[in-house]
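No experiment lies behind these values; they were computed from the predicted model shown. Both backbone and side-chain heavy atoms feed into the values below; hydrogens, waters and symmetry mates do not.
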Amino acid sequence: MCRLILEPVILIIKTFIQVARDIARTVCEWVTRTIRTVREVVEKICKSLPWPLSLLCNFVTKVIEVIENITEWVCREVIDRIFEWVQVVMEYIYYIARWVCWLITWITVRWIEYLLCRAGIEVSKNIRICVKVLSENISNKKTGAVTIQPAATNAELNAMLNQVSAVFRQCNINIIVESIDIIGHPEFLRTTTCDFGNTFSSFWVTFSREACSSKNLFPVITVYVVEKMTNAGGCAFPGTDWIITNNPANSRSGLPLSAGNTIVQEIGHLCDLFAHSSDPNNVMTDQPGGTSDQLDEHQCCIIRSSRFVTFG
Ligand SMILES: [Zn+2]
């Protein structure tokens, strides 16, 4: 509920700042152009004036030229910079505002829903996801033909998503796959890192910006499929609407989780299951040697009461 109000407000503020920035740019251009025209006119007049008036006139031209340069510099280096800075600062403020929403939701309604769930009321709910598969272009050295190589094949994706559905069925949650798209971003195919310090890093900003928007007001979790991550099998950054998973077929690191289970674990993290389980059969585990596909009642109820899980 809180997010339903907050997100449109953020969108309005973002649009407002962008429009103000565009207006400032236009005004700046107009002012510099006007000053330039004035200078050109004065220059022409100067030529027709006799000495010593022409000398004075040339001095005036010089003054106008200085004003022209200063205006240009202020427009480019000061005003535009300030807007850019405001936009970056606002991103941090939105991030904090979303966490405030999270707290308000827990205090007002979520604890009730959690308790009802623990009491055994588990009617069917949904999680919407959209899948974005990173890819790179591979050119054949002999023929020169370029083919797109995604981080996972269709068969691999299907296997992952079937596993995700199977695990969430334990909590009476259905997975609705809104879309599967192959996107580019080869620069992030093997370079993403799972570390809280990467919040606001280049891939974090890109993945946040390109995450799927909510569908008919229902939240959507974006699953970015990469070939491999530098230090993990998957990752969820607290406070975002997206996760990263690797394609285990591409990594030889002997990770304890299959990709489907990795996606479930990362979604679990997004839904406030922050800690890992020591039980290797639990899907939230970080221990090898088990099935890593089980969710217990507490975990189900935390996930079910989160904002990503809806009745519609
Ligand atoms: Zn984890």
Side-chain angles (χ1 to χ4, degrees), residues 91 95 98-99 102 127-136 150-152 156-157 159-161 163-164 167-168 175 177 180-212 219-278 280 282-288 292-293 295 299 302-303 306-309:
E91 286 299 328
Y95 187 78
R98 287 184 179 123
W99 276 111
W102 171 85
I127 293 180
R128 284 174 170 73
I129 63 172
C130 89
V131 182
K132 297 204 171 203
V133 186
L134 277 75
S135 68
E136 64 186 341
E156 288 165 342
L157 287 175
M160 288 183 201
L161 295 174
Q163 177 65 8
V164 173
V167 177
F168 275 119
I175 295 297
V177 180
I180 299 177
D181 288 308
I182 293 180
I183 60 170
H185 290 306
E187 71 275 27
F188 301 136
L189 205 52
R190 304 172 194 91
T191 59
T192 55
T193 306
C194 196
D195 182 343
F196 189 69
N198 282 107
T199 307
F200 298 108
S201 71
S202 131
F203 79 81
W204 189 96
V205 170
T206 306
F207 285 0
S208 295
R209 196 174 49 221
E210 297 186 9
C212 295
V220 178
I221 296 175
T222 306
V223 177
Y224 287 101
V225 182
V226 299
E227 192 177 305
K228 59 181 178 193
M229 297 193 70
T230 59
N231 65 344
C235 198
F237 285 89
T240 66
D241 287 7
W242 51 269
I243 61 158
I244 305 175
T245 182
N246 72 352
N247 178 359
N250 291 330
S251 73
R252 308 268 174 269
S253 55
L255 294 154
L257 299 185
S258 80
N261 293 341
T262 304
I263 293 174
V264 176
Q265 179 173 119
E266 302 314 332
I267 291 177
H269 286 319
L270 276 195
C271 296
D272 295 356
L273 292 175
F274 298 118
H276 285 132
S277 165
S278 57
N282 193 284
V283 77
M284 297 308 293
T285 195
D286 53 1
Q287 304 297 321
S292 68
D293 59 0
L295 281 160
Q299 291 172 327
I302 290 285
I303 294 173
S306 89
R307 66 186 187 85
F308 295 107
V309 190

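Atom SG in C130 sits 10.0 Å away from atom CG in D241 (nearest 0.5 Å). Put simply, OG on S306 and CD1 on I127 are 6.5 Å apart, with the number rounded to the nearest 0.5 Å. Note that the OG1 atom of T230 and the CG atom of N198 stand 7.5 Å from one another [nearest 0.5 Å]. The CD1 atom of I221 lies 9.0 Å from the OG1 atom of T240; values are rounded to the nearest 0.5 Å. Here CD1 of I263 is found 5.5 Å from CE of M160. Values are rounded to the nearest 0.5 Å. Distance check: I267 CD1 to T245 OG1 gives 10.0 Å after rounding to the nearest 0.5 Å.
For the pair T222 and C212, the tightest heavy-atom approach, listed with the atom from each and the gap, is OG1-N, 2.8 Å. Residues P288 and P280 come closest through the heavy atom pair O-CB, 3.6 Å. Shortest non-hydrogen contact noted between A211 and W242 is CB-CD1, 4.1 Å. Across every non-hydrogen atom of L270 and F237, the tightest pair is CD2-O, 3.7 Å. Of all heavy-atom pairs between V226 and A151, the closest is C-CB, 3.5 Å. Minimum interatomic distance between V133 and P150 (heavy atoms only, all atoms of both residues): CG1-CB, 3.8 Å.
Taking the six-membered ring for Trp and the full ring otherwise, the centers of Y95 and F200 sit less than 6.0 Å from each other.
In this pair, Y224 and F207 present their aromatic rings parallel. The plane angle is below 30°, not in the 30 to 60° band.
For the pairing with I180, the side chain to side chain contact (heavy atoms under 4.5 Å, CB included) check across V131, V223, I129 returns one residue only, V131.
Not one N or O on the side chain of N231 forms a donor-acceptor pair closer than 3.5 Å with the backbone of T193. Formation of a donor-acceptor pair under 3.5 Å by the S277 side chain with backbone atoms of M284 is not found in this model. Judged purely by atom type and a 3.5 angstrom limit, E266 uses its side chain to pair as donor or acceptor with the backbone of A236. At distances below 3.5 Å, not a single donor-acceptor pair connects side-chain atoms of S292 with backbone N or O atoms of V283.
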Applying side-chain contact (heavy atoms from CB on, under 4.5 Å) to Q299 and N282, what does each step give before you reach the verdict?
CA-CA 10 Å; Q299 291 172 327; N282 193 284; 3.0 Å; yes
Would you sort out whether F203 and T191 count as a side-chain contact (heavy atoms from CB on, under 4.5 Å), showing the intermediate values?
CA-CA 9 Å; F203 79 81; T191 59; over 6 Å; no
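With contacts defined as side-chain heavy-atom distances shorter than 4.5 Å, the pair E210/H185 qualifies. The shortest side-chain heavy-atom distance between E227 and L134 does not fall under the 4.5 Å cut-off.
Salt bridge status for R190 with E136: present, with a side-chain N to carboxylate O gap under 4.0 Å.
In this structure, a donor-acceptor pair under 3.5 Å is present between the side chains of Q265 and H276.
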